[in-house]
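Only heavy atoms go into these numbers, but all of them, side chains included; no hydrogens, no water, no symmetry mates.
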Amino acid sequence: RVVFSEGAPVNSGASSAVNATCPATHKAIGGGAGWFQPGTNTTTTLDAQVNASVPVPATAGVDSMTGWRVVGINRSATNRVLRAYATCVPKTP
């Protein structure tokens, strides 16, 4: 199961941080991010970078990550939206 979350549009030169959170009965096993043109599913192709893409919590030895956190900066000339994705699987009893 893949979940995602996105922040508000980010102005040129500004940064954003977004968390994608798994349902309580699931745990994250991976994740990622992308910058999108606002109101679309079209990724931007230049000048918007992802600075960090990490599990939540970002701690060694944890076997129950609750989601994925991404941080990025928009260096394009127009507003962009940062979207975080988490791949979630059911927790085992």
Side-chain angles (χ1 to χ4, degrees):
R1 174 181 196 172
V2 174
V3 298
F4 76 89
S5 181
E6 65 183 28
V10 179
N11 295 329
S12 178
S15 61
S16 181
V18 180
N19 286 359
T21 304
C22 294
T25 58
H26 288 62
K27 67 179 181 178
I29 60 167
W35 282 97
F36 291 80
Q37 297 174 19
T40 74
N41 284 318
T42 305
T43 56
T44 189
T45 58
L46 82 123
D47 294 334
Q49 67 193 47
V50 173
N51 298 83
S53 178
V54 296
V56 176
T59 307
V62 175
D63 187 35
S64 198
M65 287 76 69
T66 59
W68 210 260
R69 179 175 178 80
V70 296
V71 180
I73 187 165
N74 177 16
R75 296 190 192 278
S76 72
T78 59
N79 290 354
R80 295 291 184 241
V81 174
L82 182 60
R83 191 179 291 173
Y85 291 88
T87 302
C88 308
V89 297
K91 292 179 182 176
T92 54

In short, side-chain hydrogen bond (donor to acceptor under 3.5 Å, both in side chains) pairs touching residues 18-30 with sequence neighbours left out are Asn19-Arg69, Lys27-Asp63

Checklist entry - Are Val81 and Val50 joined in one hydrophobic group, where the rule is that I, L, V, M, F, W and Y side chains link up if heavy atoms are under 4.5 Å apart? => result no

Between Val18 and Gly7, the two heavy atoms sitting closest are CG2-N, 3.7 Å

Here the gap from Met65 atom CE to Thr59 atom OG1, rounded to the nearest 0.5 Å, amounts to 10.0 Å

Handout entry: side-chain contact (heavy atoms from CB on, under 4.5 Å) between Val2 and Tyr85, worked out
Key = CA-CA 7 Å; Val2 174; Tyr85 291 88; 3.9 Å; yes

For Arg80 and Trp35, the nearest pair of non-hydrogen atoms, with its separation, is CB-CE3, 3.5 Å

Heavy-atom nearest pair, Ile73 first then Ala14, reads CG1-O, 3.4 Å

> Considering only heavy atoms from C-beta outward, does the side chain of Cys88 approach that of Val3 to under 4.5 Å?
Replying inline: yes

Notebook entry, point to check: Should Ser53 and Trp68 be marked as a side-chain hydrogen bond (donor to acceptor under 3.5 Å, both in side chains) after you check the CA-CA gap, both sets of side-chain angles, and the distance that decides it?
Noted result: CA-CA 7 Å; Ser53 178; Trp68 210 260; 2.8 Å; yes

Item checked: Asn79 side-chain N/O to Pro9 backbone N/O, donor-acceptor pair under 3.5 Å -> no

So OG of Ser15 and CD of Gln49: to nearest 0.5 Å the spacing works out to 10.0 Å

CG of Asp47 to OG of Ser12, rounded to nearest 0.5 Å, is 8.5 Å

What one should report as the nearest heavy-atom pair of Ala84 and Ala20 is O-CB, 3.5 Å

Contact between Phe36 and Thr42 at the side-chain level, heavy atoms closer than 4.5 Å - yes or no?
no

- State plainly whether one hydrophobic cluster holds both Val10 and Val70, where clusters connect Ile, Leu, Val, Met, Phe, Trp and Tyr through side-chain heavy atoms under 4.5 angstrom apart. yes

The reported gap from CD in Glu6 to CG in Leu82 (rounded to nearest 0.5 angstrom) is 9.0 Å

